[in-house]
Amino acid sequence: MACCNRPESSAMTVRTRFAPSPTGYLHVGGARTALFSYLFARRHGGQFVLRIEDTDLERSTAESVNAIMEGMTWLGLDYDEGPFFQTERFERYQTIIDELLDKGLAYRCDCPKERLERLRDKQMAAKVKPRYDGHCRGRQIDPEQPHVVRFKNPVDGAVIVEDLIRGRVPFANAELDDLIIRRSDGSPTYNLTVVVDDAEMEISHVIRGDDHLTNTPRQINILKALGHEPPKYAHVPMILGPDGKRLSKRHGAVSVVAYRDAGYLPEALLNYLIRLGWSHGDQEVFSLDEMISLFDIADVNTAASAFNVDKLDWLNQHYIQHADPLRIARLLSPHMGEIGIDPSEGPDLVAVVEAQAARAKTLTELARISAFCYQDFDDYEETAAKKHLRPVARPALERLRAELDMLALEDWEPETLHRVIERVSEALELNMGKVAQPLRVAIVGRAASPGIDITLQLVGKAATLRRIDRALAFIDARAANG
RNA sequence: GCUCCCUUCGUCUAGUGGUUAGGACGUCGGCCUCUCACGCCGGUAACAGGGGUUCGAAUCCCCUAGGGAGCGCCA
């Protein structure tokens, strides 16, 4: 296959779709299928369609629709068409079902629930797959009486699913049964609507989770009955939780917007997601443009993969570090607000980002470690204070306070500040660490921060002096308490 | 139970009959250094098991085990 340039790809228009049911939030598994569909369409210059599969009136909600769209928007997965709602196409489905009925490709069934249950129990006991037995196939049922409509599935032969990811997957028709395509309340069911929509929306490639693989032969049969050519299918493996079990809420964040709120960048999540089940040699970091030009659905793996937050964190840190600091500052601002800080009251947030970007895995962490630039901290970190705010540090801090106090405001910049600290170290015959660390703990409350000169600059003169005084008092109090 | 799918370091993966089984995250050690982080260097660690096919199998076939999905008037 590496020999040819796929003549069909230029001949046909690629159209993919993402078709979530609005019964919850957009989760990472759905987001990845959406990403794959999006990339595949973009890569081939085709269209990406969003379709909301809301035929389950009981469970579908408008909030879910909004949540899904919010997730898509945040990730930047823009669609060319839609959102289409299946509830708005009910008439169309009815027409199709009636046609199938007229052509004898579907039939009415009034089997009571009890009969079906008995049948099922018997089949399970006989160790065969529970299936509808076609009891009503030849019966004439009064359309005015309560009934469902079943699709007349071929009895023999086989359906071969030509999956772009898994290859040929055969299913015997004998394994399939006559599934319900119209409920007794008159509403169409999933397997019917999905087929009608994919055909009428001219979807060329159906990319979806592999939990749909066993539905595919049924859908192909319906498609054929309707006289449509089946699209190409690609069933992508599932995403599992970090423990290898099915992803669920107990694994923490599964919803895409939860990652946004936790301080992740959309490009980091996208980059993480695309590497789950897909790769391009040894490359780990992909821009959206690279994804579009390199992604091919046929290269997707067959095995499920576990979601690993450590790697996501690494990517997120990478992107925080390499993105435009101005953009990061804008995204960081609300996270500062979350912890009660107004970034307009203090140093330029962009400067803070430049100083701190390499130190945070998420925006929330970035906010947390940068709070000291805007407000006095509550308590010293215990081990840091114990180690650095000792009486031995007093002379250095006193000397620093005096020298820094003499600095003019316009000299309050890294170079000058650095020289002051150097001068104090030399004068007291101490190495830099013995001077900078106590100072750092005094200013930040912790033993970790950007370079001490940058740290002082960001904090500003007034707060620096204030905090040194506080540290001196702390040392004295400690000495007094033994 | 039946049908289908899956199985390379802890995790994500490269690999398509001949490789010292490569990379990344994590982890461990080191360098850099005023701290933390970044960065750099190095280490640890895998072909689920068993049979075949073959001169030769991670790669092809079969079986077993383990995991998953479907078998809905859910999607």
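Hydrogens, waters and symmetry mates are skipped; everything else that's a heavy atom, side chains included, is used.
For rC55(B) and rU44(B), the C1' atoms lie 35 Å apart once the distance is rounded to whole Å. Taking atom C1' in both rU27(B) and rA69(B), one finds a spacing of 34 Å when rounded to whole Å. Going from the P atom of rG43(B) to that of rA24(B) covers 11 Å, rounded to whole Å. For the P atoms, the distance from rC31(B) to rU59(B) is 43 Å, rounded to whole Å. Atom name P, nucleotides rG50(B) and rC2(B): the rounded distance is 26 Å, in whole Å. Taking the P atom of each, rU8(B) and rG68(B) are spaced 15 Å apart, rounded to whole Å.
Counting to the nearest Å, the P atom of rG1(B) and the NZ atom of Lys129(A) are 15 Å from each other. For the pair Tyr190(A) OH and rA75(B) C1', the interatomic distance rounds to 6 Å; values are reported in whole Å. Distance CZ (Arg419(A)) to C1' (rC34(B)): 17 Å, rounded to an integer number of Å. Following rounding to the nearest Å, Lys311(A) (NZ) and rC9(B) (C1') show an atom-to-atom distance of 13 Å. Taking atom CG of Leu276(A) as the reference point, atom C1' of rC12(B) lies 7 Å away to the nearest angstrom. When rounded to the nearest whole Å, the span between CH2 of Trp278(A) and P of rU11(B) equals 22 Å. Whole-Å rounding puts the Met238(A) CE to rC4(B) C1' distance at 15 Å. Here rG68(B) presents its P atom at 15 Å from CZ of Arg166(A), a figure rounded to the nearest Å.
Checked against side chain to side chain contact (heavy atoms under 4.5 Å, CB included), Asp133(A) has the following partners two or more places apart in sequence or in another chain: Arg115(A), Leu119(A), His135(A). In this structure Ser37(A) satisfies the side chain to side chain contact (heavy atoms under 4.5 Å, CB included) test together with Thr16(A), Phe48(A), Ile207(A), sequence neighbours excluded. Contacts of Thr364(A) classified as side chain to side chain donor-acceptor pair (under 3.5 Å), with partners at least two apart in sequence or in another chain: Thr362(A). With sequence neighbours excluded, the residues satisfying side chain to side chain contact (heavy atoms under 4.5 Å, CB included) with Val309(A) are Tyr264(A), Phe307(A), Asp313(A).
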Pull out every protein N or O sitting under 3.5 Å from an N or O of nucleotides 28-33 of chain B, one pair per line with the distance.
none

Restricting both atoms to N or O, compile the protein contacts to nucleotides 37-42 of chain B shorter than 3.5 Å, with distance only.
from    : atom 1 : to        : atom 2 : distance (Å)
rA37(B) : O2'    : Ala358(A) : O      : 2.1
rC38(B) : O2'    : Gln321(A) : OE1    : 2.4

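Evaluation of atom-type donor-acceptor distances gives no pair under 3.5 Å for the side chain of Asn215(A) against the base of rG70(B). Between the base of rC71(B) and the side chain of Arg131(A) there is no donor-acceptor pair shorter than 3.5 Å. A donor-acceptor contact under 3.5 Å is formed by the side chain of Ser184(A) with the base of rC73(B). Between the base of rG23(B) and the side chain of Glu284(A) there is a donor-acceptor pair shorter than 3.5 Å.
Contact check, Arg120(A) against rG72(B): a side-chain N or O comes under 4.0 Å of OP1 or OP2. Of the side-chain N and O atoms in Arg246(A), one or more sit less than 4.0 angstrom from OP1 or OP2 of rA69(B).
For Ala306(A), the listed nucleotide lying nearest its side chain is rU11(B); candidates were rU35(B), rC34(B), rU11(B). Proximity note for Ile180(A) (side chain, C-beta onward) versus rG70(B), rC12(B), rC73(B): the nearest is rC73(B).
Ring centroid separation for the pair Tyr190(A) and His212(A) comes in under the 6.0 Å cut-off. Here Tyr79(A) and Phe18(A) keep their ring centres 6.0 angstrom or further from each other.
In this structure, Tyr233(A) and His235(A) have parallel ring planes: the angle between them is below the 30° cut-off, well short of the 60° mark.
The side chain to side chain contact (heavy atoms under 4.5 Å, CB included) test with Leu223(A) is passed by exactly one of Val196(A), Val195(A), Thr216(A): Val195(A).
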